[in-house]
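Notes follow the structure.
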Amino acid sequence: QVQLVESGGGLVQAGASLRLSCAASGRTDSSNNMGWFRQGPGKEREFVASITWDGLLIYYGDSVKGRFTISRDNAKNTVYLQMNSLKAEDTAVYYCAAGPMLGVATAQYPYWGQGTQVTVSS
């Protein structure tokens with residue numbers, strides 16, 4: 001089992017930046033690939049970014065390319081999501097996910113955090 005705890009969410013104005021963190025505990029061997037997803041009001045959960053256990057492969061959703069950066073520090077069992085140039089449409093609950101497969105579908109990740117709210121005012 002892997003436990004994931006997100007932090008760093010908050011209320012910001014459009015154009016601002018935030019950095020989300022996801023701390024992993026439990027069975028945190030570095031083979032876990034990590035992902036960030038988000039779910040806005042009335043919307044389905046959406047892929048944001050993912051990173052392999054070694055950081056060599058990174059993928060982004062089209063809506064965040066060029067603005068968000070995913071990274072990880074295996075020594076700290078933590079994955080980060082740096083979010084720049086935030087827009088009102090980025091408002092959502094952001095979830096961290098972990099699993100043995102790297103992908104863009106929620107079903108590919110068996111472990112999930114509880115989420116952290118990001119609200120961007122226009």
Side-chain angles (χ1 to χ4, degrees):
Q1 287 285 351
V2 177
Q3 292 78 45
L4 304 171
V5 178
E6 303 95 336
S7 61
L11 171 63
V12 297
Q13 291 189 332
S17 298
L18 274 178
R19 189 177 81 155
L20 305 183
S21 299
C22 173
S25 61
R27 189 177 172 181
T28 58
D29 62 68
S30 59
S31 62
N32 273 320
N33 301 306
M34 305 290 289
W36 285 98
F37 290 76
R38 67 185 182 185
Q39 189 163 15
K43 298 181 180 180
E44 293 187 353
R45 197 164 294 191
E46 173 191 20
F47 170 74
V48 175
S50 61
I51 185 169
T52 50
W53 68 272
D54 56 5
L56 293 182
L57 288 179
I58 291 175
Y59 298 101
Y60 295 100
D62 289 341
S63 61
V64 306
K65 282 180 182 177
R67 299 187 298 122
F68 290 11
T69 302
I70 189 172
S71 62
R72 67 187 298 163
D73 185 338
N74 287 342
K76 297 181 179 179
N77 292 323
T78 300
V79 64
Y80 304 97
L81 185 68
Q82 177 66 43
M83 306 186 295
N84 298 329
S85 302
L86 282 162
K87 306 175 182 180
E89 50 263 44
D90 294 319
T91 294
V93 177
Y94 283 71
Y95 297 91
C96 176
M101 296 177 63
L102 187 72
V104 303
T106 57
Q108 293 174 295
Y109 296 87
Y111 305 109
W112 290 83
Q114 293 301 307
T116 184
Q117 176 70 48
V118 172
T119 302
V120 184
S121 63
S122 57

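Scope of the values below: all heavy atoms of this structure, side chains included, with no hydrogens, waters or symmetry mates. For the single chain, residues carry numbers from 1 onward in sequence order. The model shown is predicted, which means the values in this text are computed figures rather than measured ones.
When ring centroids are compared, Phe47 and Tyr59 stay outside the 6.0 Å threshold.
Electrostatic pairing of Lys65 and Asp62 counts as a salt bridge here, judged by a charged N lying under 4.0 Å from a carboxylate O.
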Report the C-alpha distance between Tyr109 and Leu102 in whole Å, list the side-chain angles of each, state the deciding distance to 0.1 Å, and finish with yes or no for side chain to side chain contact (heavy atoms under 4.5 Å, CB included).
CA-CA 8 Å; Tyr109 296 87; Leu102 187 72; 4.0 Å; yes
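Of all the heavy atoms in Gln117 and Thr91, the pair that sits closest is NE2-CG2, 4.1 Å. Shortest non-hydrogen contact noted between Arg19 and Gln82 is CB-OE1, 3.4 Å. Nearest heavy-atom pair, Val118 versus Gly9, reported as atom, atom and distance to 0.1 Å: CG2-CA, 4.1 Å. Residues Leu20 and Trp36 come closest through the heavy atom pair CB-CH2, 3.7 Å.
At a cut-off of 3.5 Å, with distance as the only test, no side-chain donor of Thr52 or Asn33 sits close to an acceptor on the other residue. No side-chain donor from either of Ser63 and Glu89 sits under 3.5 Å from a side-chain acceptor of the other.
A tilted orientation is assigned to the rings of Phe68 and Tyr94, their planes being inclined by 30° to 60°.
Side-chain atoms of Gln114 never come within 3.5 Å of backbone atoms of Glu6 as a donor-acceptor pair (strictly under, hydrogens ignored).
The one candidate from Asn84, Leu86, Val120, Leu11 that meets the side-chain contact (heavy atoms from CB on, under 4.5 Å) condition with Leu18 is Leu86.
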